[in-house]
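Worksheet for the structure shown next.
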Amino acid sequence: MSKYRTHNCGELSLKNKNETIKLSGWINKKRDHGNLLFLDLRDHYGLTQCVIDKSNTIFKNVEKLPLETVIQIEGKVLERDTDTVNKILKTGEIEVVIQKYKVLADTKELPLPIFSDQEYAEEIRLKYRFLDLRRNKIHSNIVLRSKIISFIRSEMQKYGFLEYQTPILTSSSPEGARDFLVPSRLNPGKFYALPQAPQQFKQLIMVSGFDKYFQIAPCFRDEDARADRSPGEFYQLDIEMSFVEQEDVFKIVEGLFLNLFKKFSSKKLLHEKFPRIPYDEAMLKYGSDKPDLRNPLIISDITQIFKREDVNFEIFKNLVSNGSIVRSILTKNTSEKPRSFFDGIDKWAKEEGSSGLAYFSIENSNKLTAKGPVGKFFSEECLKEIMKLTNAEVGDTIFMSCGKKIDVEKLLSNARNKIASELSLIDENIFSFCWVVDYPIFEIDEITKKIKFSHNPFSMPQGDIDNLDLSDPLKLKAFQYDIVCNGIELSSGAIRNHKPDLMYKLFNIAGYSRETVNEKFSGMINALSYGAPPHGGIAPGIDRIVMLLADEKNIREVTMFPMNQNAQDLMMNAPSDVDDNQLKELNISKRKK
RNA sequence: GGGGGUGUAGCUCAGUUGGUUAGAGCGAUCGCCUGUCACGCGAUAGGUCGAGGGUUCGAGUCCCUUCACUCCCGCCA
């Protein structure tokens, strides 16, 4: 028997009636009636109401103990009167009459209360994270995270995957995010980098013949934070498989996600079989490669309308003749909405930095008419054409944006969310998964105007890979895919290019010479020359999965010890100054400003 | 790097048009209270109104600068 307890604070019930027991835990709450004191004792497992009255000589001492003092009590389990049973508590049918107590640890005055569900400033929560983590909601989020990771591990093992660990100290690579660098003492002037992902290692594991790999892998990227993006570090379920095609990866991952989300959430899954949306279609219909399919609003291209003679909307017509495009969002049955609704959307669009969202509603009084500020510019014939292009009916509204493709896509993507939330079109009780597939291999860099890899440079191009037509690189698609859930990008993966010759050619298009590739990706390219199996994989983000399942909007709510937005750990004071001797040993000197 | 929001007691917040001594709830301390589960009642302590500067007879309130936290853009193959 433990020195500290016979039971935990979540397990006593009527079965233990009249037993003498020991509990240890924190004082969660006291209700002091003067000659009678209720004291809720809390540990990881739950709460137990303890009670003591003045007939016990220790009463005055117990009464004075501050909240969050760690105590051990010994006492007798009693059945509560029916009218004093607490149905919310697991242990609510009993209480423990305190006979003896011992203080195991004192506490200073608390910087934040533990028992309340109130929200607190981030700064104080992060500084006193060990207190924050005692609180019910975040405590259970962290437990959920642990259970999710355990479940994933056991599922992956069932599927025949084995977990292998990869190095944390590795080499810097030119593609992708900024690296965290670690100076090498034994190799003066040289640096390790922390892995942005174990990308090359997992491919090397395939070349080494291990067939099915997974890892709950830490990834390090020195980029700025967002609500759904921790600064510095995060975790991926890293997966790689040999002798597979895209379909084989999809089958494993869909199975895993279905089981996972059914087990850990009561929300409904919109699709049991994840829809597959080509990248180009996603960008057209949703303006984004991470569409939220709970949102029914669809974008259509109506550029051709503004090349017609019977349209007098000169601003758009001029822009279109200079190469701009026009796309629209259709909302159903909104023609009777008040003017303030439409103006609100237009105002929002201007605040987003655009020139606004033009709109009109379609009405029918003997003939088709367009109601709204720009309605007068469209003929009846023209309205029929627009209705055909957008699947609109009488009573619907068309919102339009005109401009450069990339700007229109972005504005309308945000407008989909904005309008849907204004019209309450999104069911928060649903998970809607989809695959986004057929990503382009290359894109034009907006700044340099040169061709660059749009995603992973190691992806396998689609088509006849032995006779690939490289004359128009921007047309090339890759076996590259993302999983998106409720508008959140959960993972990204690809079938890899295991042909070194082809890889050199693709790198060449992006401006990397054979020598550069040999130098920067030596581990990979060398390995691929010694018999690499066709292989592919994916890497779902663990933190975001937990966010979805915990129904949290911020990644810090599912991270035990997160950093703040400036990538500082307020509890541990990281990053911090270091001793000059440490720098000297590492051959580092600080640059003067 | 840029834009928005926030900053008042240990914590969560209120504070009107610029006007006398800056308030409430929780927490802390002290007292009363034997069936509460956000127990109740009374009292006390607790403030560089984020910081600095300015306007004004007078600034928590208006202006400028700056700092911290946060959300977004850039960035994140």
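- With both pairing distances under 3.5 Å, B:rA45 is matched to nothing as a Watson-Crick or G-U wobble pair.
- Going from the C1' atom of B:rG47 to that of B:rG15 covers 14 Å, rounded to whole Å.
- Taking side-chain N and O atoms only, A:K127 has no distance below 4.0 Å to OP1 or OP2 of B:rC11.
- For A:R229 against B:rC76, a side-chain N or O and a base N or O form a donor-acceptor pair under 3.5 Å.
- When each of A:D224 and A:L89 is assigned the nucleotide of RNA chain B with its nearest heavy atom, A:L89 is the one assigned upstream, toward the 5' end.
- Distance A:N566 CG to B:rA68 P: 7 Å, rounded to the nearest Å.
- Taking atom CG on A:L37 and atom P on B:rC39, their separation rounds to 11 Å, with Å as the unit.
- Here A:K410 lies in heavy-atom contact (under 4.0 Å) with sugar-phosphate atoms only.
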### Summary
Its contact letters, B for base, S for sugar-phosphate only and - for none at protein heavy atoms under 4.0 Å, make nucleotides 23-32 of chain B read ----BS----

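- In summary, the aromatic rings of A:F220 and A:F234 are positioned with their centroids too far apart to meet the 6.0 Å limit.
- Annotation: B:rU16 and B:rC62 have their C1' atoms spaced 15 Å apart (nearest Å).
- B:rG52 sits 14 Å from B:rA59 when the P atoms are compared, rounded to a whole Å.
- Using modelled atom types, one finds no donor on one side chain facing an acceptor on the other under 3.5 Å when comparing A:D132 with A:Y120.
- If you measure from atom CG of A:L112 to atom C1' of B:rC11, you get 8 Å, rounded to the nearest angstrom.
- Taking the six-membered ring for Trp and thresholds of 30 and 60 degrees, A:F458 and A:F521 have ring planes more than 60 degrees apart, a perpendicular arrangement.
- In this model, the phosphate group of B:rC73 is approached by a side-chain N or O of A:R226 to a distance below 4.0 Å at OP1 or OP2.
- Comparing B:rG35, B:rG1, B:rU70 by their nearest atom to the side chain of A:N564 picks out B:rU70.
- Every pair passing ring-ring contact (aromatic ring centres under 6.0 Å, His included) that includes a residue from residues 27-47 of chain A is listed here, sequence neighbours excluded: A:H33-A:F38, A:H44-A:H139.
- Distance CG (A:D482) to C1' (B:rC76): 13 Å, rounded to an integer number of Å.
- Take the nearest nucleotide of RNA chain B for A:F38 and for A:P111: the residue whose nucleotide is more 5' is A:P111.
- The partner of B:rC76 is absent, by the rule that a Watson-Crick or G-U pair needs both atom distances under 3.5 Å.
- The partner of B:rG18, taking Watson-Crick or G-U wobble pairs whose two distances both stay under 3.5 Å, does not exist in any strand shown.
- Comparing the C1' positions of B:rA43 and B:rC33 gives an interatomic distance of 15 Å, to the nearest angstrom.
- Nucleotide B:rC33 forms a pair with no other nucleotide shown, judged by Watson-Crick or G-U wobble geometry with both contacts under 3.5 Å.
- Separation of the P atoms belonging to B:rC26 and B:rU20 is 27 Å when rounded to the nearest angstrom.
- To the nearest whole angstrom, the two C1' atoms, one in B:rC63 and one in B:rU56, are 12 Å apart.
- In this model, the phosphate group of B:rC37 is not approached by any side-chain N or O of A:R42 to a distance below 4.0 Å at OP1 or OP2.
- Pair assignment for B:rG25: B:rC11, on the basis of Watson-Crick or G-U wobble contacts that are both within less than 3.5 Å.
- Here A:R125 lies out of heavy-atom contact (under 4.0 Å) with every strand.
- A:N414 comes within 4.0 angstrom of no nucleic acid atom, judged by non-hydrogen atoms across all strands.
- Only the C1' atoms considered, B:rC49 is 32 Å distant from B:rG1, to the nearest whole Å.
- Under a 4.0 Å N-O distance rule, the pair A:D280/A:K477 qualifies as a salt bridge.
- If you take CZ of A:F59 and C1' of B:rC33, they are 10 Å apart, rounded to a whole angstrom.
- At B:rC39, one or more side-chain N or O atoms of A:R31 fall inside 4.0 Å of OP1 or OP2 (strictly under the cut-off).
- Residue-nucleotide stacking is not present for A:H33 and B:rU36, judged by a side-chain ring centre under 5.5 Å from the six-membered base ring centre and planes under 30° apart.
- Contact annotation: A:N35 side-chain N/O to B:rU34 OP1/OP2 distance is under 4.0 Å.
- Following rounding to the nearest Å, A:E93 (CD) and B:rC37 (C1') show an atom-to-atom distance of 15 Å.
- If you check the side chains of A:D482 and A:Y439, you find a donor sitting under 3.5 Å from an acceptor.
- More than 12 heavy atoms of other residues, nucleotides or ligands lie within 6.0 Å of CG in A:L14, so this atom counts as buried by the packing criterion.
- The CD-P distance, from A:Q568 to B:rC67, rounds to 13 Å in whole Å.
- For B:rU70, the base has no donor-acceptor partner in the side chain of A:E123 [N/O atoms by modelled type, under 3.5 angstrom].
- The existence of a salt bridge linking A:E233 and A:R221 is excluded, since no basic side-chain nitrogen approaches an acidic carboxylate oxygen closer than 4.0 Å.
- Going from the C1' atom of B:rU66 to that of B:rC72 covers 22 Å, rounded to whole Å.
- Between A:E119 atom CD and B:rG5 atom P the separation is 21 Å, expressed in whole Å.
- In this structure, CD on A:E68 lies 13.0 Å from CG on A:D106, to the nearest 0.5 angstrom.
- Considering A:R496, A:M241, A:H535, A:Q215 in turn, A:R496 is the only one that fulfils the side-chain contact (heavy atoms from CB on, under 4.5 Å) rule with A:K202.
- Note on A:S173: nothing from the nucleic acid sits closer than 4.0 angstrom, heavy atoms only.
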